[in-house]
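Contents: one structure, followed by commentary.
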Amino acid sequence: MAETIKMTPQEEERLINDAYQNLLNGYLSSNHRKKVEIIEKAFKFACEAHKGVRRRSGEPYIMHPITVARIVSQEIGLGSTSICAALLHDVVEDTEYTTEDIEAMFGKKIAQIVDGLTKISGGIFGAHASAQAENFRKLLLTMSDDIRVILIKMADRLHNMRTLQSMPPAKQYKIAGETLYIYAPLAHRLGLFAIKTELENLSFKYEHPEEYKAIEEQIIANTPHNEQLFARFAAPINERLERLGLKFEFKARIKSHYSIWKKMETKHIPFSQVYDYYAARIVFECDNEADEKRICWNIYSEITDLYRLHPDRLRDWISVPKANGYRALHVTLMGSDGNWVEVQIRSRRMDDIAERGFAAHWKYKIGEGEEESELAAWLQTIEDILKNPEPNAIDFLDTIKLNLFASEIVVFTPKGELITLPKDASVLDLAFSLHTELGTHCIAGKINHKLVPISHKLASGDQVEVLTSQSQQPNPEWDKYLVTAKGKTRLRAALRHDRRAVIAKGETMLKQFLADNDVEASSDNINRIVSIERVKSKDELFQMIGNNEIALSPSLIKVFKPASRGLLNRLMNPFGNRNSGNSEPEVVAPEGKIDTKKIYELRTVDGKSNYRIASCCNPIPGDTVIGFVNDKNEVVVHKMDCDEATRLKSSFGGRIVQTHWETKAKKFNVTLNLEGIDRQGILQEIIYLISTNLRRLNISADEGVFHAELEALVDDTDVVTKLCKRLKKVKGVTTAVRVR
Ligand code: MN
């Protein structure tokens with residue numbers, strides 16, 4: 001338990017006033033407009049509101065809002081509105097005053113921010129996971145309202161972490177855990193690197209005090225040796241850079257305790273083997289932003305003359321900044337002692353942004369800068385996710401966290417536009433990140449002119465084209481190809497939307513069909529169809545009808561026509577073909593015994609067939625087929641080379657009947673296999689050829705060769721033959737054949 005500080009009222013007042021002056025001085029030395037009056041007013045009001053209240057540590061409560069305001073101003077770089085909101089952040093939560101009072105005194109904006117902070121004042125972790133998710137959602141909602149809410153919340157959390165010592169251990173664990181779980185990643189996402197590091201370190205200190213202490217001791221023990229090494233390493237560099245006439249600072253820095261510990265844990269190594277815990281940073285002064293990049297590379301050139309460069313560890317975050325706005329050039333050099341040393345090269349401006357996040361931009365008066373639009377894009381993603389909230393709270397939480405933790409890759413569009421995606425993102429992720437429509441209709445990707453499947457994982461530097469087809473439909477299976485929160489959310493939304501649309505369409509189709517056939521579309525009648533079709537619910541029935549998985553054939557309503565016998569036959573017939581995907585004609589058994597010595601003509605008249613298609617091989621008119629007379633005196637048609645037919649031939653030779661196709665009455669499903677050499681635009685040409693009759697297309701490509709399996713609707717084998725011929729004429733296609 002921390003000691004309670006005993007002070008006289010005069011001493012306390014001086015303490016408060018000193019802290020306030022410190023806040024004000026920091027603000028006045030910043031580049032913000034000097035709106036001291038309103039800050040003064042907020043300070044006085046907060047003092048009054050929290051009067052007589054103490055923190056657990058014993059100090060006057062007002063010290064907390066003052067410190068939070070100081071962090072907001074000096075460590076994050078925000079202006080008077082945020083400073084006022086920070087001073088007032090606990091007033092509504094802890095005192096009698098309301099948001100309306102704040103609004104009346106300080107205006108709408110400050111009141112809104114205080115309101116946002118009040119809403120998320122409770123911990124984000126409830127007793128239940130779903131409560132967690134809900135609170136977290138609230139947090140994000142306020143964030144997309146006004147980013148300053150979350151930045152002030154960060155400052156609040158940072159101060160609470162810095163003063164965690166006065167809390168009982170159980171509370172320490174809870175707060176530390178929560179900080180590591182969500183606030184540190186959020187800080188990282190917002191580019192508040194210094195705050196993120198401190199939050200992690202403080203959490204680590206409370207969650208693993210022993211380990212923290214051990215690392216601390218090691219660092220201290222190694223300091224003299226390291227300082228000596230660094231001085232030797234830095235001397236020639238300093239000399240060279242001075243000769244260039246640069247104003248710069250070259251400092252050694254030590255990785256945070258937390259990141260050293262994480263490395264020890266994940267790599268199972270002792271402290272002595274964490275070679276890169278010691279790093280160096282060159283920060284140079286530069287008035288003209290346009291010169292920054294050139295100077296970075298000049299420095300690079302100088303230092304790589306002096307020390308050997310590790311070629312795999314060059315990171316150019318200057319040409320392509322990180323999504324959180326981070327810019328710097330990282331090189332790893334071999335020091336004279338034989339150890340690798342990472343050197344970060346950045347300008348003062350880049351350094352500020354890296355340490356304090358995007359808010360530091362305001363200091364440099366950047367308007368619609370690139371970094372800001374990156375942040376805007378991320379906020380947009382959060383908004384997207386919030387607009388389509390997951391029914392499952394845990395999924396939702398995972399989705400958001402996925403977005404916070406992912407490390408990044410950068411890919412190019414065909415036009416050279418840069419897209420930042422998390423590591424392991426697929427072609428499908430990219431498609432969804434560009435546009436929902438691109439995602440839902442994505443059939444393949446083309447990376448550096450090579451065709452790849454939608455599941456293909458992108459690598460940094462890939463130039464990626466997204467190929468789409470209007471006939472492509474989103475599929476629940478795709479979820480496993482997606483790593484981006486945006487992709488997952490958009491896919492799920494599209495699937496829900498899609499399912500509802502298909503159900504509605506199926507319902508309309510069925511009701512129309514029933515009306516056309518004078519069957520009442522009553523609930524009872526539809527339920528009867530549900531049980532006959534052996535589906536689970538009306539929705540499933542409608543969906544299958546909408547997807548043409550259940551055909552609107554007369555057989556569907558035979559049950560409502562007393563004279564019918566066919567339905568029973570159909571249910572009893574093991575060779576029946578329910579899922580052909582076509583409108584299935586009614587099968588009528590011929591009257592009288594079929595003469596197996598004569599050729600049987602396969603006919604379809606007025607939607608009635610005198611034959612049944614075998615579901616094992618799905619023959620179509622034109623195929624060489626064989627008939628088999630079943631117990632119901634129906635002719636079941638198999639392909640000549642069908643395995644099932646071979647079995648039947650050997651066992652029931654007496655029932656075989658020779659057949660002949662008569663009409664081209666309906667369309668059939670056929671599956672084609674395509675192979676070829678990949679080239680730009682080939683897929684579009686193929687799709688164009690089959691366009692209207694294309695039902696399904698699966699494509700995969702490997703090392704310049706593609707394989708496609710497509711399903712099309714055709715009249716007969718003649719059409720298939722012609723189609724294959726036309727496909728083979730497409731440049732690059734080597735094989736186009738029908739498969740079973
Ligand atoms: Mn607070």
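All residue numbers in this chain count up from 1 along the given sequence. Start at 1 and go down the list; that is how both ligands and their atoms are numbered.
The pair E37-K41 does not count as a salt bridge, with every side-chain nitrogen at least 4.0 angstrom from each carboxylate oxygen.
The Mn ion (ligand 1) sits nearest to atom OD1 when only the N, O or S atoms of D156 are considered. Among heteroatoms of the N, O or S kind in H64, NE2 lies nearest the Mn ion (ligand 1). Taking the Mn ion (ligand 1) as reference, the nearest N/O/S atom within H89 carries the name NE2. For D90, the N, O or S atom with the smallest separation from the Mn ion (ligand 1) is OD2.
In this structure, F250 has its ring center closer than 6.0 angstrom to the ring center of F230.
Checking E93 against the Mn ion (ligand 1), every N/O/S atom stays at or beyond the 2.8 Å cut-off. Because the distance cut-off is set at 2.8 Å, H159 fails to qualify as a neighbour of the Mn ion (ligand 1), as none of its N, O or S atoms comes that close.
In this model, no donor atom of one side chain and acceptor atom of the other lie less than 3.5 Å apart for S166 and T163.
Ring geometry for F43 versus Y20: interplanar angle under 30°, hence parallel rather than tilted (30 to 60°). Using cut-offs of 30° and 60° on the angle between ring planes, the pair Y61 and H64 is perpendicular.
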